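Let me begin by presenting the structure, written as C-alpha cells, before commenting on it.
Atom set for the values below is all heavy atoms of this structure, side chains included, hydrogens, waters and symmetry mates excluded. The structure displayed is predicted, hence computed values, not measured ones. Read the numbers this way: they start at 1 and go in the same order the structure lists the ligands and their atoms.
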Amino acid sequence: MGTTTLKRSRQREAILTNLMNRCDHPTADMIYIDIRKEIPNISLGTVYRNLSLLADKGDILRITTNGKAERFDGKTNDHYHFICQNCGEVTDLPLEHMEDVNQAAQKVFGGKITGHETIFHGICSDCLK
Ligand code: ZN
Ligand code: MN
C-alpha cells in the first residue's frame, strides 16, 4: 500500500471510529471539529468525502431531512429516528422496527420493497421543559 493510500485509509478509519463512539448523529462539521484533535491537518472536504463514501458502502447511515445538514449514524441496523423541530437534535427512537410496514407496502407496489426509513418529528423532552 502506498503512503497516500495508507493515509487515506487511516483517515477513513478515524472518521468511522469517531462516529461509532458517539450517539448524537453528528453533521460532517461536528465530526470535523472532533477529528481535528486527532488528525490536525485533515480538511473538511476529506471528512465530507469519506462520510459520503462510507454511507454509499453501507458502513454508516446518512440521515437527510428537508433543508437541514445531513446527519450520520454509525449504527446501521434498522431503527427509527426522531428530530426535534425546535433544537434540531436527532435521537434514536426505541420503537420496534415494523416489518409489517414493508409487507403492507409490498401489497400495493408492483416493484420489490426491501425496507423503509421513518423519521418522527416533534418536540424533544428537553425542549418541552
Ligand atoms: Zn429539542
Ligand atoms: Mn440512529
Side-chain angles (χ1 to χ4, degrees):
M1 220 191 286
T3 318
T4 313
T5 318
L6 202 65
K7 187 179 138 210
R8 281 197 191 135
S9 64
R10 197 185 136 241
Q11 287 173 334
R12 188 167 313 137
E13 205 53 48
I15 290 166
L16 186 61
T17 304
N18 180 277
L19 196 57
M20 293 298 201
N21 290 332
R22 55 200 293 173
C23 46
D24 60 344
H25 305 85
T27 60
D29 291 51
M30 287 159 78
I31 293 172
Y32 170 64
I33 289 165
D34 227 30
I35 213 93
R36 265 202 321 185
K37 294 170 198 156
E38 200 182 322
I39 311 172
N41 59 351
I42 200 165
S43 71
L44 180 57
T46 298
V47 173
Y48 265 106
R49 205 166 42 248
N50 279 296
L51 285 169
S52 207
L53 207 116
L54 288 164
D56 290 346
K57 282 202 301 171
D59 290 345
I60 63 172
L61 288 185
R62 182 193 270 124
I63 307 162
T64 333
T65 45
N66 28 323
K68 302 252 169 63
E70 290 182 321
R71 300 293 194 123
F72 297 91
D73 194 344
K75 252 176 77 183
T76 55
N77 65 311
D78 281 334
H79 65 284
Y80 296 113
H81 289 106
F82 172 85
I83 299 184
C84 177
Q85 60 200 52
N86 187 53
C87 70
E89 266 264 292
V90 180
T91 50
D92 287 340
L93 197 125
L95 177 71
E96 204 186 317
H97 199 81
M98 294 177 276
E99 296 304 325
D100 50 332
V101 170
N102 295 340
Q103 285 152 28
Q106 188 61 74
K107 274 188 193 141
V108 296
F109 186 62
K112 175 145 182 64
I113 299 290
T114 57
H116 71 275
E117 286 170 29
T118 298
I119 299 174
F120 292 88
H121 299 270
I123 315 282
C124 75
S125 53
D126 282 342
C127 288
L128 270 184
K129 280 174 196 157

Task: CA sep, side-chain torsions, deciding dist, call: F120, L95, side-chain contact (heavy atoms from CB on, under 4.5 Å) - done: CA-CA 11 Å; F120 292 88; L95 177 71; 4.0 Å; yes
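The atom of H79 that is an N, O or S and sits closest to the Mn ion (ligand 2) is NE2. Distances from the Mn ion (ligand 2) to each N, O or S atom of D92 single out OD1 as the nearest. Looking at D73 and the Mn ion (ligand 2) together, the shortest N, O or S contact belongs to OD2.
In this structure, SG of C84 and SG of C87 enclose an angle of 110° at the Zn ion (ligand 1), rounded to 10°.
Considering only heavy atoms from C-beta on, T27 comes within 4.5 Å of R71 through its side chain.
Ring planes of H116 and Y80: tilted class, angle from 30 to 60°.
At least one N/O/S atom of H25, whether from backbone or side chain, sits less than 2.8 Å from the Mn ion (ligand 2).
Between R22 and D24 there is a salt bridge, with a side-chain nitrogen of the basic residue lying less than 4.0 Å from a carboxylate oxygen of the acidic one.
A donor-acceptor contact under 3.5 angstrom links the side chains of T46 and R49, judged on distance only.
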